Amino acid sequence: ANAGKSGVDCSDEALAAAWAAVRDDKDETDWSLVTLEGKTKVVPLAKGAGGVAALASALPDDKVVFGGLKLGGKFYSFAFAGDSVGAMAKGRAMMCKNGVLNDIFQGVHGEIEVDKDMTEEALLAKFK
């Protein structure tokens, strides 16, 4: 496979395209989610507008996802593991985290923690 230094394959052009849409001020897309297919291939999962609420409702129960979000005029990356993801799968996926975040979600202000109950206010409050 076309794995980079990180050992993850982020070669799917749709990955970079989705993040470029989030970063494009003319595009309404403000978040993007990707997930692992197999052990190392990264594939697009979802992207959308609607901010934190839409992103929260898109977080899956059964997958580990990595993503990027436009929030308060800045960009943030994150990793999220659904409640029904087993410990082994979670551990394996999290070993890929830095590679995925660094390869795809470039130019971020920092990394945030996300969950299904998050609100924009609560996230923004962490950065004040």
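The structure displayed is predicted, hence computed values, not measured ones.
- Between K97 and E111 there is a salt bridge, since at least one side-chain N of the basic residue sits less than 4.0 Å from a carboxylate O of the acidic one.
- Annotation: side chain of V52 is not in contact with side chain of L124 (no heavy-atom distance under 4.5 Å).
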For a side chain to side chain contact (heavy atoms under 4.5 Å, CB included) check, start with the C-alpha distance between L15 and V42, then their side-chain angles and the critical distance, and finish with the verdict. CA-CA 8 Å; L15 299 169; V42 184; 4.0 Å; yes
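- Residues A54 and A49 approach most closely at CB-O, 3.2 Å, considering heavy atoms.
- Note: K70 NZ to D25 CG = 5.0 Å, rounded to the nearest 0.5 Å.
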Begin with the C-alpha distance, continue with both residues' side-chain angles, and end with the deciding distance and a verdict on side chain to side chain contact (heavy atoms under 4.5 Å, CB included) for V65 and L59. CA-CA 8 Å; V65 295; L59 293 171; 4.1 Å; yes
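- Taken from CG in N102 to OG in S77, the straight-line distance is 8.0 Å, to the nearest 0.5 Å.
- Rounding to the nearest 0.5 angstrom, the gap separating the CZ atom in F66 from the CG atom in L36 is 5.0 Å.
- The shortest non-hydrogen separation linking W31 to A58 is CH2-CB, 3.5 Å.
- A distance below 6.0 Å separates the ring centres of Y76 and H109.
- Taking a 6.0 Å sphere around NZ of K90, one finds it holds more than 12 heavy atoms contributed by other residues, nucleotides or ligands.
- For the pair K41/S11, a side-chain contact is recorded, criterion being any heavy-atom separation below 4.5 Å from C-beta on.
- Counting only heavy atoms from C-beta outward, the side chains of V100 and V34 approach each other to under 4.5 Å.
- Between D62 and V85, every side-chain heavy-atom pair lies at or beyond the 4.5 Å cut-off.
- Here the CD-CE distance, from E113 to M118, works out to 11.5 Å after rounding to the nearest 0.5 Å.
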Please test R23 against T29 for side chain to side chain contact (heavy atoms under 4.5 Å, CB included), starting from the C-alpha separation and ending with a verdict. CA-CA 8 Å; R23 295 187 50 104; T29 305; over 6 Å; no
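- S84 contributes a side-chain N or O that, together with a main-chain N or O of D61, makes up a donor-acceptor pair within less than 3.5 Å.
- By the 4.5 Å heavy-atom criterion applied to side chains, K47 and D27 are not counted as neighbours.
- Atoms CG and CG, from L123 and D115 in turn, are 8.0 Å apart once rounded to the nearest 0.5 Å.
- Annotation: side chain of L33 is in contact with side chain of F78 (closest heavy-atom distance under 4.5 Å).
- A 4.5 Å side-chain heavy-atom check between F75 and F105 finds every atom pair outside the cut-off.
- For the atom pair CG of L69 and CD of E120, the computed distance is 8.0 Å after rounding to the nearest 0.5 Å.
- V108 and M94 fall within the same hydrophobic cluster, where Ile, Leu, Val, Met, Phe, Trp and Tyr residues are linked whenever their side-chain heavy atoms come under 4.5 Å apart, directly or through other members.
- Scanning all heavy atoms of the two residues, the minimum distance from D12 to P44 falls at OD2-CD, 3.5 Å.
- Other residues, nucleotides and ligands contribute over 12 non-hydrogen atoms within 6.0 Å of the NZ atom of K116.
- Looking only at side-chain heavy atoms (C-beta outward), L45 and P60 come within less than 4.5 Å of each other.
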